[in-house]
Amino acid sequence: MAKKITSRDNDYSQWYLDIIKEAGLAEHSPVRGCMVIKPTGFALWENMRDVLDRMFKETGHQNAYFPLFIPKSFLSKEAQHVEGFAKECAVITHSRLINSEDGVDVDPSSKLEEELIVRPTSETIIWDTYRNWVQSHRDLPILINQWANVVRWEMRTRLFLRTMEFLWQEGHTAHATKEEAVQETEQMLEVYRTFAEEYMAMPVITGVKTESERFAGAVETYCIEALMQDGKALQAGTSHFLGQNFAKAFDVKFQDKDNTVKHVWATSWGVSTRLIGGLIMTHSDDDGLVLPPKIAPVQVAIVPIWKSDDDQQAVLDYAKGVQKELQSKGIRTKLDARDQYKPGWKFAQYEVEGVPLRIAVGPRDVQNNKAEIARRDTRSKEIVERDSLVGKVESLLDEIQNNLYDTAKERMATRTSTVSTYEEFKEILDSKGGFIYAHWDGTAETETKVKEETKATIRCIPLHSDNEPGKCMVTGKPSARKVLFARAY
RNA sequence: CGGGGCGUAGCGCAGCCCGGUAGCGCAUCUGCUUUGGGAGCAGAGGGUCGCAGGUUCAAAUCCUGUCGCCCCGACCA
């Protein structure tokens, strides 16, 4: 058996790339920093999207779509926002090509009067639009989400974790009061936390960002932070309270019940295909991808085994019966009856692809009215009675989902430390990495010093942790509470 | 954008130093035998050696440029 996947201990980055390649999730495109998301990878994204979309709608949001192109002038309206995104915008300057000796060239005569920006995020065009939608408090709140692609001209890219073009959803809401907007921000953070933990089986820490890590244009950025197997943190989702910054920049006002004119309060929130990278690095092992059942494109792969033609017919009929029954329970099932691959090859392949459960049925099983069922997460196998097979599958899928979460949760706990001195901090960072709780004096200077000296950043000020005051590990100045440090992706 | 590594068949690589008919393994195709953990034998197809210039009788090989990928830094979801 040819091992195609580099081990995590040997080279974690290469392992990550090998997983993506061997599981067929994505590949590099001819364009630098961009990727082709292959059917399996996209099916994963579709499942994530479907769950999130349902959760957004359950919390009262509607989908809409805003343009890919944003007038350049819009970007300059919110000062902080421009500063944050100016360095990574793709700019459209011309509208035509002309034939040339070497193929085609940009037609100089087609220069645009106002250049267009390919959206790095849609706040500006959305707030420009909302201005026309809001007059009265009766028009509020506006609760809109869009599924879209965005472009950020990154210097260094990694499949899923950071690509120049990526898929995401961005929610943009407008509210009459600050309290309502803050509540919305927190609600969506909670949606993300629930999604990450219950569907992705990815435990996260919720918190707020420090000023230096905050979204450009936000008053407060809430986030969910996950911990990867190599001890590095990954920002997995953000929810921003935008205050009235965009409302003021784009002049979005309403007449309130008290007959005065006010600016609206805003939020925005998003998760992206980066989550797929996080998913890979949370659960997968040296044998390939490992997927939580709730979002796995295929939950059960059925591998039929036969020797003679007679066997083949009987086995296939039996396997089809199993598949039909599983499908009737809403279980995503794939029956792999291809004859060009041997069962052993298929077993290995579905392990690489991370399919949570595999059922093997052969002549013996048909005869005895049984089937072999194997788990991807624990690699355990057992023979079960045909009559109890579907029930067993259902309970095993639940078990796998829970086991993946519990394992990840435990790993996070093991790799979370609390320190009181900077020496201890550096020592732990280098020895085991992970999340480190420590006191911080609240200044950007200290944060920068730690970042420069250790490459660790403050991932967040956790929402749920003890609020015991103490002394900053670096300066000894008073600190209201411990914050969460880590090296991050 | 700086430092390091790498681009040769779909994938993984050798050949390059020392220029002279482009190779190996896997995969693919055909046939037969196989099928409960990545099958065996026999035969076959597939490459403008990343791209563009240059040196040379002759370039995968030497020179210059350029593009892309990976790793490490500065930027980021």
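Proteins come first, then strands; the chains are lettered A, B, ... in the order of their sequence lines, and each starts at number 1.
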From CA spacing to verdict: side chain to side chain donor-acceptor pair (under 3.5 Å), A:S13, A:R158: CA-CA 9 Å; A:S13 295; A:R158 298 188 83 188; 3.2 Å; yes
N-O pairing of A:K209 and A:E225 below 4.0 Å: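 Looking at A:E225 together with A:K209, the answer is yes, because their closest N to O distance falls below 4.0 Å.
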Salt-bridge present (A:R415, A:D230; N to O < 4.0 Å):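 A:D230 and A:R415: not salt-bridged.
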How long is the line joining [atom1] of [X] and [atom2] of [N], in whole Å?
X	N	atom1	atom2	value
A:Q340	B:U33	CD	C1'	17 Å
A:D339	B:G38	CG	C1'	16 Å
A:Q367	B:G36	CD	C1'	14 Å

Mind checking the [atom1] distance from [N] to [M]? Whole angstroms is fine.
N	M	atom1	value
B:G25	B:A9	P	15 Å
B:C24	B:G47	P	15 Å
B:G54	B:G2	P	27 Å
B:C29	B:C1	C1'	48 Å
B:G20	B:A74	C1'	48 Å
B:C57	B:G15	P	29 Å
B:C69	B:U56	P	35 Å
B:C16	B:U61	C1'	4 Å

A:E372 (side chain) and B:G37 (base): donor-acceptor pair under 3.5 Å: no
Pair assignment for [N], Watson-Crick or G-U wobble, requiring both distances under 3.5 Å:
N	answer
B:C75	none
B:G43	B:C29
B:C18	none
B:C6	B:G68
B:U34	none
B:A58	none
B:G53	B:C63
B:G23	B:C13

Closest to the [X] side chain: [options]?
X	options	value
A:Q349	B:G38, B:G36, B:G37	B:G38
A:T163	B:A77, B:C69, B:C71	B:A77
A:F347	B:A77, B:G37, B:G36	B:G37
A:R158	B:G36, B:C71, B:C70	B:C71
A:V352	B:G37, B:C69, B:G38	B:G38
A:S272	B:G36, B:A77, B:G37	B:A77
A:F166	B:A39, B:A77, B:C69	B:A77
A:K342	B:G37, B:G36, B:G12	B:G36
A:W345	B:G38, B:U35, B:C70	B:G38
A:Y341	B:C69, B:C70, B:U28	B:U28

Residues in contact with RNA chain B, drawn from residues 353-361 of chain A - heavy-atom cutoff 4.0 Å: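 Contacting residues: A:R358, A:A360.
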Single hit among A:V315, A:I359, A:D339 for side chain to side chain contact (heavy atoms under 4.5 Å, CB included) with A:P304: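 Answer to the side chain to side chain contact (heavy atoms under 4.5 Å, CB included) test with A:P304 among A:V315, A:I359, A:D339: A:V315.
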A:Y350 and its side chain to side chain contact (heavy atoms under 4.5 Å, CB included) partner, picked from A:V300, A:V303, A:L357: A:V303
Is [X] touching bases, backbone alone, or none of the nucleic acid, heavy atoms closer than 4.0 Å?
X	result
A:G33	sugar-phosphate
A:S13	sugar-phosphate
A:D311	nothing

If you draw the axis of the six-membered ring of [Y], does the NZ or CZ of [X] fall within 45° of it and under 6.0 Å from the ring centre?
X	Y	result
A:R358	A:F347	yes
A:K232	A:Y489	yes
A:K426	A:Y422	yes

Distances for protein N/O vs nucleotides 4-6 of chain B N/O pairs under 3.5 angstrom?
none

Any donor-acceptor pair under 3.5 Å from A:T59 side chain to A:F56 backbone: yes
Over all atoms of both residues, closest heavy-atom pair of A:K294 and A:R332: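 Minimum heavy-atom separation between A:K294 and A:R332: O-NH2, 3.3 Å.
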Closest contact, heavy atoms only, A:L389 versus A:V384: CD1-CG2, 3.3 Å
Intermediate values then yes/no, side-chain contact (heavy atoms from CB on, under 4.5 Å), A:T185 and A:H240: CA-CA 6 Å; A:T185 312; A:H240 313 290; 5.5 Å; no
Ring centre gap for A:W269 and A:H61 strictly below 6.0 Å: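 Between A:W269 and A:H61, the centre distance is under 6.0 Å.
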Aromatic ring proximity A:F85/A:F215, centre distance under 6.0 Å: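 When the ring centroids of A:F85 and A:F215 are compared, they turn out to be within the sub-6.0 Å range.
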5′-ward residue of the pair A:W306/A:S212 relative to RNA chain B: A:W306
Residue met sooner reading RNA chain B from 5', once A:L17 and A:G84 are mapped to nucleotides: A:L17
Donor + acceptor pair across side chains of A:E123, A:S268 (<3.5 Å): yes
Strictly under 3.5 Å: I want the nitrogen or oxygen pairs between protein and nucleotides 73-75 of chain B, one per line.
residue : atom : partner : partner atom : Å
B:G73   : OP1  : A:K455  : NZ           : 2.8

A:R364 vs B:G36: side-chain N/O to OP1/OP2 distance below 4.0 Å: no
